[in-house]
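Indexing begins at 1, ligand by ligand and atom by atom, following the structure's order. Because the structure is a prediction, the values reported are computed rather than measured.
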Amino acid sequence: MLRFTTAGESHGPALVSILEGLPAGVPLLAADVDTDLARRQQGYGRGRRMQIETDRIEFLSGVRAGETLGSPISMLIRNSDWKNWLEIMDPAPRDGDADGPRKRQVTRVRPGHADLTGLLKYDRTDARDILERASARETTARVASGAVCRVLLRELGIRVGSHLVHLGGVNAARPSVMPPDINAAADASPLRTLDAAAESEMIARIDAAKKDGNTLGGICEVVVTGLPVGLGSHVSWDRRLDGRLGQAMLSIPAVKGVEIGLGFETARRTGAEVHDEIEAAPGNTRTGHVRRTTNRAGGTEGGMTTGEELVIRVAMKPISTLMRPLGTVDVATGQAASAVAERSDVTAVPAMGVIAEAMAAFVLADAVLEKFGGDSLGEVRRNFDAYLARLDERVG
Ligand code: EPS
């Protein structure tokens, strides 16, 4: 139904995001996208690059007079840093290219990064040919397409938020009652966490890691409200929503784990301690007029949404560029060396939460269009409303 692709190198002229399959008539402004791009740039522990960039999109296609046209939506995000990298990243051959590698060649490959594996696979000699694309700068373009998907979901009363629940060994407590607008609350925190006490401890760990030339990972939780029961399907492996969400989350650079609901913890508990009991809840249309007394499943059963909150936790490893570098091999000489220490972030977990929201928004918008698809927003809305009316009718 829906597909998107991104292009662009970290220090190239620009990033591009193309989203295809959105219906016509969705109200869309550049500001809807820029808001999310700005949210992704926040977070204590980012490096100097984030002071250089102010990410903004230019629509190149697919939008007219503030509405989508149903045609591919393409968005351009210029890299402000490009002017400093022209000589190094110039797409055209330059004088001197024949004499040897360009400046800032990377051969002391970083353990944990795509440097070495990419270099061997693509048969390159300069790891910059790999790292420029493997860089998490690419996620800017994902957030752009995700932001457009978020607008479609919002039209149907579906909201995607996230908050940080772990950083560098420190857990944040999940509030017993989530704030009605999770992002408004989380965005007010420099780490996007809802636990102020944990936040000070996390900040201290980031400062210590920075001093030590080290980096930190963490976990964010994505929470989606307003979903109707029945997105995704049990009938085939590739239509199961959990699987689709898992793939999308694991595709985020440095993400190493995904849990839905209790996740790994379900394996340690008995059935009675895992499964959510069901009771009647008249008036609750989107769940089919029932309610789970708990939500350990995290909003899916049988590869389909239940209509309860969708809860996904996403784990990110520490960034692989360390200012106190790890041991490696210099691929130019074959000798032992210290890995390159390029400018980078101490942690980017708060940003990862925003990226995970974007990936969730994309997967869910795709599942929405699969079930309620139409060529215009009006048609999608009619299909959606008819389904909700049928859920009402079944109890009535
Ligand atoms: C990154 C290194 C840093 C980060 C970058 C990801 O960039 P630079 O090499 O220019 O200092 O800031 O992230 C972004 C630019 C971004 O927009 O998130 C890396 O090596 O992955």
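- If you check which protein heavy atom lies closest to atom 15 (C) of ligand 1, you get R137 CD, 3.2 Å.
- Residue contacts with ligand 1 for R49 involve side-chain atoms from C-beta outward but no N, CA, C or O (heavy atoms, distance under 4.0 Å).
- Under 4.0 Å from ligand 1, the heavy atoms of R40 that appear belong solely to its side chain.
- Considering backbone and side-chain atoms alike, T139 places every N or O at 3.5 Å or more from each N or O of ligand 1.
- Near H11, the atoms of ligand 1 lying under 4.0 angstrom from a non-hydrogen atom of the residue are 8 (P), 9 (O), 10 (O).
- Protein heavy atom nearest atom 11 (O) of ligand 1, with residue, atom name and distance: R343 NE, 2.5 Å.
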Checklist entry - Does the pair T300 and T305 meet the rule for a side-chain hydrogen bond (donor to acceptor under 3.5 Å, both in side chains), with working shown? => result CA-CA 4 Å; T300 67; T305 53; over 6 Å; no
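- What sits closest to atom 13 (O) of ligand 1 on the protein, heavy atoms only, is R46 NH2, 3.6 Å.
- Under a 4.5 Å side-chain heavy-atom cut-off, the cluster of Ile, Leu, Val, Met, Phe, Trp and Tyr residues that includes I319 has no other member.
- When all heavy atoms of A361 and G146 are compared, the closest pair comes out as CB-O, 3.6 Å.
- The existence of a salt bridge linking K103 and E87 is confirmed by a sub-4.0 Å separation between a basic side-chain nitrogen and an acidic carboxylate oxygen.
- Among all heavy-atom pairs drawn from V229 and Y387, the shortest one is O-OH, 2.6 Å.
- Comment: R244 engages E370 in a salt bridge, judged by a side-chain N to carboxylate O separation of less than 4.0 angstrom.
- Using bins of under 30°, 30° to 60° and over 60° for the plane-to-plane angle, the ring pair H11/W85 lands in the parallel bin.
- Counting heavy atoms only, S135 comes closest to atom 5 (C) of ligand 1 of the residues A348, S135, P253.
- Applying the side-chain hydrogen bond (donor to acceptor under 3.5 Å, both in side chains) test to pairs two or more places apart or on separate chains, those with a residue in residues 279-288 are E279-R291, T285-D392.
- Looking from atom 4 (C) of ligand 1 to the surrounding protein, the closest heavy atom is D345 OD2, 3.5 Å.
- Under a 4.0 Å N-O distance rule, the pair R292/D276 does not qualify as a salt bridge.
- Counting heavy atoms under 4.0 Å from ligand 1, residue Q41 does not touch it at all.
- Among A136, A114, S344, A141, the residue whose heavy atom lies nearest to atom 21 (O) of ligand 1 is A136.
- Contacts of M50 with ligand 1, taken as heavy-atom pairs under 4.0 Å, involve the side chain alone.
- Residue contacts with ligand 1 for D55 are absent, since no atom lies close enough (heavy atoms, distance under 4.0 Å).
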